[in-house]
Student: 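Pasting in a structure now, in structure tokens, and then I'll have a few things to ask.
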There are 2 protein chains.
Amino acid sequence: MSKRPTINDVARLSGVSKKTVSRVINDSPNVTQDTRMKVQAIIEQLDYAPDPQARGLAFRRSFLIGLVYDNPNALYISDIQAGILRACRGTGYELIMHPASFSDQRLVEDVQQFIQRARLDGIILLSPISQLGKLARNLKRQHCPYVRISPKKIDSWRNVVVSNDRSGASLMTDYLIGLGHREISFVLGPASNLSSQEKFAGFCEAMQQHRIPVRKRLLVQGANTFASGELAGSQVLGRAVPPTAIFASNDMMALGVLKTAQMMGVDVPRALSVAGYDDSAHASLVWPDLTTVNQSVEYMGDLAAQKLMSQLATREGAVPAATSRVQPQLVIRHSTVAI
Amino acid sequence: MSKRPTINDVARLSGVSKKTVSRVINDSPNVTQDTRMKVQAIIEQLDYAPDPQARGLAFRRSFLIGLVYDNPNALYISDIQAGILRACRGTGYELIMHPASFSDQRLVEDVQQFIQRARLDGIILLSPISQLGKLARNLKRQHCPYVRISPKKIDSWRNVVVSNDRSGASLMTDYLIGLGHREISFVLGPASNLSSQEKFAGFCEAMQQHRIPVRKRLLVQGANTFASGELAGSQVLGRAVPPTAIFASNDMMALGVLKTAQMMGVDVPRALSVAGYDDSAHASLVWPDLTTVNQSVEYMGDLAAQKLMSQLATREGAVPAATSRVQPQLVIRHSTVAI
DNA sequence: GCACCTCTTGACACCGGTGTCACCTTCGAT
DNA sequence: ATCGAAGGTGACACCGGTGTCAAGAGGTGC
């Protein structure tokens, strides 16, 4: 690669000191409009861009943010990532990915190392990693700025981006009831998960609002996996009085239910409506395509990155932003019909 | 964050100059075993790690590699990314993602900017971006090291990682023929795509080997999308004599075919076998789950990163490695049966 | 004992930016 | 006319590493 222009080249050509060029680059005040324009002209002419490494070194900032995730679902991560990248565009920040293992004993240490080695300015924690209180406490102690997406508890009401899962589940339940369903089976996600709890709460709220009892025999415990959805399906559909609708707390499980139903010869949606939650890319690739809830994961990533960057900007007297709650939306497809 | 140890701290504590510490860090020769061990002990004790920014600045390298991709399929990208990250672990290299638009007129310029701004050491181009000769030529001209994954043409037979698509398609075709299928419909990918051409070639090879004619009426043009698969399905299944098997050149189209078949009431797999290509995560989430070809995308990412890094290591008299051809494998599930 | 060579080490400049502070203008107030 | 304050600018040190080169230590051949 031919060698790039440096700040010295710009300084020489525009007849000012490199410090003044630096001022122009950083939009510092106290530069004459005249000087500023002259320098900017040279910058454009040379197609000069400051070296992020040198900048980082001098600023004592790296302009790097890390994303720590376990891999429950590639699509989820890829959406989050797309959102973060969108937010980073043009800000000078870059994203560095760090896959980690939720169950690894050395996770805290591992993340610590990651931050130190790469000299990250801040990090974003994705669910389920974001649910580890130990990790969050460690980061706080190190004064490392971080934002959590869908954590387990919203203890501090700060530095957190969540989807309003309660509202989403309630929306879906309302819709199913509106279609005439009364015997609605609900497949729960893992209890350790705030999302799962909230979704269940939303389901119950909507049922109660319509004065429909939430029957224990229609509740099944799942684990947010495809296989657990299959299992849940076979449990519920084997009953003497099967439900007319099954609402699973995520798409993976809904797809598992759908598979079981199809294997058992149950006609979806005519004999059974199936609904999911996430609007993952899978949902529209099956037949019948899945009615689900879209939680605009990409937007959550975007939001998280913005939150983090605004914290980094006001580094010192940093006032962590309040929790952002993203509003989910119903996506109606063909796996649910009126009875 | 409490301030990290610098090379000066290590130097002071171990009673040597920082240059000697630097030698130890970089495994330079000409350091006494004694000194080396003394310094290493201090490094461990302080948990010191050199600042990548400062290192990069002095080395005139950034230890960053870029991944440029368009977004045809989130799962594909996420697998590639996982492979690259795996290869990067422990090497000091970090990955920076750069989503781009294949059809954007300013793509070459955009990538150029990306490289300059981030001072990347090298980049990996993902299909379909890797298929742009213009971009590759530009990079070569700039002497920017790059590796292409699944490019359009393997012109130089260098710096390329591809899957042996011909062999994969041939494997699948053999298998279908072995099940007794003779009327096999093939859904082609976009013709501009080397992969698509190779898959078709593999299909033809296997058919010819078994002396089964490749009939024009059983070939359908697709676009690698779900929708084009649906369309292909309806075209082929509407015929007077429908095929007993449909082999689509990717999973997305196979899923589209599957959907159409199910909507038309065709019993898959009893009345129709459906096969895909990619072994994407979607493939095992539908019922019947898809027989497909696994091309170990993650491994390809790993390989590409290794290729790139070895090029970067021997920066000067760089001998680009020969093309790597990854061998795909048949994944048999329930969407195909013998007749 | 001396010249010569190799191995080990450190002083110093440098990579490409920014922070600090002192200097010089310019301008309004007295 | 004089003074002070504010605005604009540059010299210089510094961020945390590495390259260069020269100096000192230790060994060898004569």
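A note on names: the letters A, B, ... follow the listed sequences, proteins ahead of strands, and every chain is numbered from 1.
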Student: Using a cut-off of less than 4.0 Å, is there contact between a side-chain N or O of A:Ser22 and OP1 or OP2 of C:dT18?
Tutor: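 Checking C:dT18 against A:Ser22, a side-chain N or O does come within under 4.0 Å of OP1 or OP2.
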Student: Between B:Asn8 and D:dG17, is there a contact of a side-chain N or O with OP1 or OP2 at under 4.0 Å?
Tutor: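 Answer is no, no contact under 4.0 Å.
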Student: What's the CZ-C1' distance between A:Arg60 and C:dG19, to the nearest Å?
Tutor: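 Computing the A:Arg60:CZ to C:dG19:C1' distance gives 8 Å.
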Student: Could you give the distance from CZ (A:Arg86) to CG (A:Asp302), rounded to the nearest 0.5 Å?
Tutor: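 A:Arg86 atom CZ to A:Asp302 atom CG measures 4.5 Å (nearest 0.5 Å).
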Student: Can you confirm if the NZ or CZ of B:Arg4 lies within 45° of the ring axis of B:Tyr48 and under 6.0 Å from the centre of its six-membered ring?
Tutor: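 No, B:Arg4 does not lie over the aromatic ring of B:Tyr48.
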Student: Rounded to whole angstrom units, what separation is found between the CZ atom of A:Arg4 and the C1' atom of C:dC15?
Tutor: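 The answer, rounded to whole Å, is 15 Å.
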Student: Using modelled atom types and a 3.5 Å cut-off, is there a donor and acceptor pairing between side-chain atoms of A:Asn26 and backbone atoms of A:Ser28?
Tutor: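 Answer holds: no.
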Student: Using atom CG of A:Asp34 as one end and atom C1' of C:dT25 as the other, report the distance to the nearest whole Å.
Tutor: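 Nearest whole value for this atom pair: 15 Å.
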Student: What one-letter contact string describes nucleotides 6-11 of chain C from 5' to 3', where B marks a base within less than 4.0 Å of any protein heavy atom, S marks contact via sugar-phosphate atoms alone, and - marks no contact?
Tutor: --BBBB
Student: Scan B:Arg137, B:Gln112, B:Gln116 and name whichever one has a side chain to side chain donor-acceptor pair (under 3.5 Å) with B:Gln142.
Tutor: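 For B:Gln142, the side chain to side chain donor-acceptor pair (under 3.5 Å) check succeeds only for B:Gln112.
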Student: To the nearest 0.5 Å, what is the distance between CE (A:Met97) and OH (A:Tyr69)?
Tutor: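 Answer for the CE-OH pair, A:Met97 versus A:Tyr69, is 4.0 Å.
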Student: Distance check needed: D:dG16 C1' versus A:Gln116 CD, whole Å only.
Tutor: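 For the pair A:Gln116 CD and D:dG16 C1', the rounded distance is 15 Å.
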Student: Would you mind reading off the distance between B:Arg61 atom CZ and C:dG16 atom P, rounded to a whole angstrom?
Tutor: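 That distance rounds to 16 Å.
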Student: To the nearest Å, give me how far apart CG (B:Leu57) and P (D:dC15) are.
Tutor: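 Going from CG in B:Leu57 over to P in D:dC15 covers 14 Å.
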Student: Heavy-atom count check: over 12 atoms from other residues, nucleotides or ligands less than 6.0 Å from B:Phe63 CZ?
Tutor: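 Counting other residues, nucleotides and ligands, CZ of B:Phe63 exceeds 12 neighbours.
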Student: Supply the atom-to-atom distance B:Leu64 CG to B:Asp121 CG, rounded to the nearest 0.5 angstrom.
Tutor: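 These two atoms lie 7.0 Å from each other.
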Student: Roughly how far, to the nearest 0.5 Å, is SG of B:Cys88 from CD1 of A:Ile96?
Tutor: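 The SG atom of B:Cys88 is 10.0 Å from CD1 of A:Ile96, to the nearest 0.5 Å.
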Student: For atom OH of A:Tyr93, decide whether the heavy atoms of other residues, nucleotides or ligands shown that lie under 6.0 angstrom number more than 12.
Tutor: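 Check passes, neighbour count above 12.
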Student: Can you list everything that forms a ring-ring contact (aromatic ring centres under 6.0 Å, His included) with B:Phe114? Sequence neighbours excluded, please.
Tutor: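 Expected list: B:His98.
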Student: Testing the 3.5 Å rule here: is there a donor-acceptor pair between the side chains of B:Ser127 and B:Gln131?
Tutor: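 Yes.
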Student: Can you measure from CD1 (B:Ile84) to CG (B:Leu126) and round to the nearest 0.5 angstrom?
Tutor: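 So the gap between those two atoms works out to 7.5 Å.
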Student: Report each atom pair, protein N/O against N/O of nucleotides 26-28 of chain C, whose distance is under 3.5 angstrom.
Tutor:
none

Student: Salt bridge (Lys or Arg N to Asp or Glu O under 4.0 Å) with B:Asp27: which residues, sequence neighbours excluded?
Tutor: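 With neighbours one apart ignored, the set is B:Arg36.
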Student: How close or far is atom P of D:dC15 from atom CZ of A:Phe63, stated in whole angstroms?
Tutor: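 Nearest whole value for this atom pair: 18 Å.
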Student: So what is the end-to-end bend of the helix from C:dG1-D:dC30 to C:dT30-D:dA1, with 5 pairs used at each end and the value given to 10 degrees?
Tutor: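 Between the first-five-pair axis and the last-five-pair axis there is 50°.
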Student: Which parts of residues 41-56 of chain B get close to DNA chain C, meaning a heavy atom less than 4.0 angstrom away?
Tutor: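 Per residue number, the list is empty: none.
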Student: Taking atom P of D:dG17 as reference, at what distance in whole Å does atom CZ of B:Phe59 sit?
Tutor: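 In whole Å, D:dG17 P and B:Phe59 CZ are 11 Å from each other.
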Student: Rounded at 0.5 Å granularity, tell me how far CE in B:Met37 sits from CD1 in B:Ile42.
Tutor: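 Result: 12.5 Å between the selected atoms.
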